[in-house]
2 protein chains.
Amino acid sequence: MCTWYLQVTSTKPGVMTETTQLTAAHRELIDQVFDKWSLQVLEALCEKPSRFNELRHAIPTVTQKSLTATLRRLERNGMIERVIISSRPIAVEYRITSLGGTLEDLIDALLHWSTAHMPAVQRARARFDDETPPPHDASS
Amino acid sequence: MCTWYLQVTSTKPGVMTETTQLTAAHRELIDQVFDKWSLQVLEALCEKPSRFNELRHAIPTVTQKSLTATLRRLERNGMIERVIISSRPIAVEYRITSLGGTLEDLIDALLHWSTAHMPAVQRARARFDDETPPPHDASS
DNA sequence: CTGTATCCTCTTGGATACTG
DNA sequence: CAGTATCCAAGAGGATACAG
């Protein structure tokens, strides 16, 4: 089984050596970094640094507002950095940071998992929907 | 760098051997399985099968409605199974399925990541908030 | 005990217009 | 180009009541 109470081993004993249980702050971080838009932004920036409109094009379904909000949040959490390139007309490039780079394997594993198990998921959904028909319909 | 177009290697060549790019369906699945409540439910059920009210207690901030919705969604995706135990008064136990079990390492990695990098994140946030003071306040 | 149903609030996020 | 500001609709989610 898995142990969900993680052991944090600090190089300085006595400072942070007790088992640290997951707090709301940990979950908040996970929510912010692994949400719908963040994941796609991080994918894109993992491939190559990109400018604002490049990202908009790479993620066709995102709106300007949501993209801006996502970029700000990722920047605040230290996952990406915002680099102002020129000044006529202004250009901005977003890059993944070294901290953000620690996500690469994780995101990779996530995407592989979804790809590997998608067929099984679809079978499960079909079975569920078959056994649990929608509750409307009083004519049958 | 990472390649976000995943190679699906089937044992039956010619059936599913072309590179499969991530579709909206993949992202939908990830969203449904790795969202706020799902993650905590899966954690709890990874530790041990639990009944409805046990889960409510294990996740104090979830409401009945959200918990029910999360459980249904996870069941539909084949991650957990719903087992009716007795019938006076009815008891229901939720268990992780073998498909859901494939998530264990992934969730483990996720939680470890959040714990390992939380200090760096907090430093990044402090710096960001320091450089970008809230825009209100016209008195200073 | 394990839900479903209803109401209602509050946030998320899309569309649009405007700015440096 | 790279945003900010505003408005508004739709949905998530909480509180409460009720049912099998």
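Quantities reported herein were computed from a predicted structural model and do not represent experimental measurements. Numbers restart at 1 for each chain; the letters A, B, ... are given by sequence-line order, proteins then strands.
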What is the distance from CD of A:E93 to P of D:dG3, rounded to the nearest Å? 12 Å

Counting side-chain heavy atoms from CB outward, which of D:dT4, C:dC1, D:dT16 is closest to B:R51? C:dC1

Can you measure A:D31 atom CG to D:dA12 atom P for me and round it to whole angstrom units? 16 Å

Value in whole Å for how far the C1' atom of C:dT2 lies from CD1 of B:I84: 10 Å

Side chain of A:S66, heavy atoms from C-beta onward: which of D:dG14, D:dT16, C:dG13 has the nearest atom to it? C:dG13

Could you tell me how far apart A:I85 (CD1) and D:dG3 (P) are, to the nearest whole angstrom? 12 Å

Strictly by modelled atom types, are A:T115 and A:H112 linked by a side-chain donor-acceptor pair under 3.5 Å? no

A:F52, nearest nucleotide to its side chain (from C:dT2, D:dT6, D:dG3): D:dG3

Please pick, from C:dG13, D:dT4, D:dG14, the nucleotide with the shortest atom-to-atom distance to any side-chain atom of B:K65. D:dG14

Taking side chain as C-beta onward, heavy atoms only, is B:M79 less than 4.5 Å from B:R73? no

Applying a 4.0 Å non-hydrogen cut-off, can you work out what A:R82 is touching in the nucleic acid: base, sugar-phosphate, or nothing? sugar-phosphate

Mind checking A:R72 for me? I need base, sugar-phosphate or nothing, with any heavy atom below 4.0 Å counting as a touch. sugar-phosphate

I need the CD-C1' distance between B:E54 and C:dT2, as an integer number of Å. 13 Å

Give the minimum heavy-atom separation between A:I80 and A:T97, together with the two atoms involved. C-CG2, 3.5 Å

Between B:L110 and B:F34, what is the shortest heavy-atom contact and its length? CD2-CD2, 4.1 Å

Can you identify which nucleotide, out of C:dG3, D:dG14, C:dC1, has its nearest atom closest to the B:N53 side chain? C:dC1

Of A:I90 and A:W37, whose closest DNA chain C nucleotide lies nearer the 5' terminus? A:W37

Starting from P on C:dT4, measure out to CD on B:Q64 and report it in whole angstrom. 9 Å

Could you state the CG-C1' distance from A:L55 to D:dC1, rounded to the nearest angstrom? 13 Å

Does the side chain of B:R27 come within less than 4.5 Å of A:K36's, by heavy atoms? no

Looking at A:Y94, does any N or O in its side chain come under 4.0 Å of the phosphate oxygens OP1/OP2 on D:dG3? yes

Hey, which of these two, B:D35 or A:A91, hits DNA chain D nearer its 5' end, going by closest nucleotide? A:A91

Measure CG/B:L71 against P/C:dT4 and give the value in whole Å, please. 10 Å

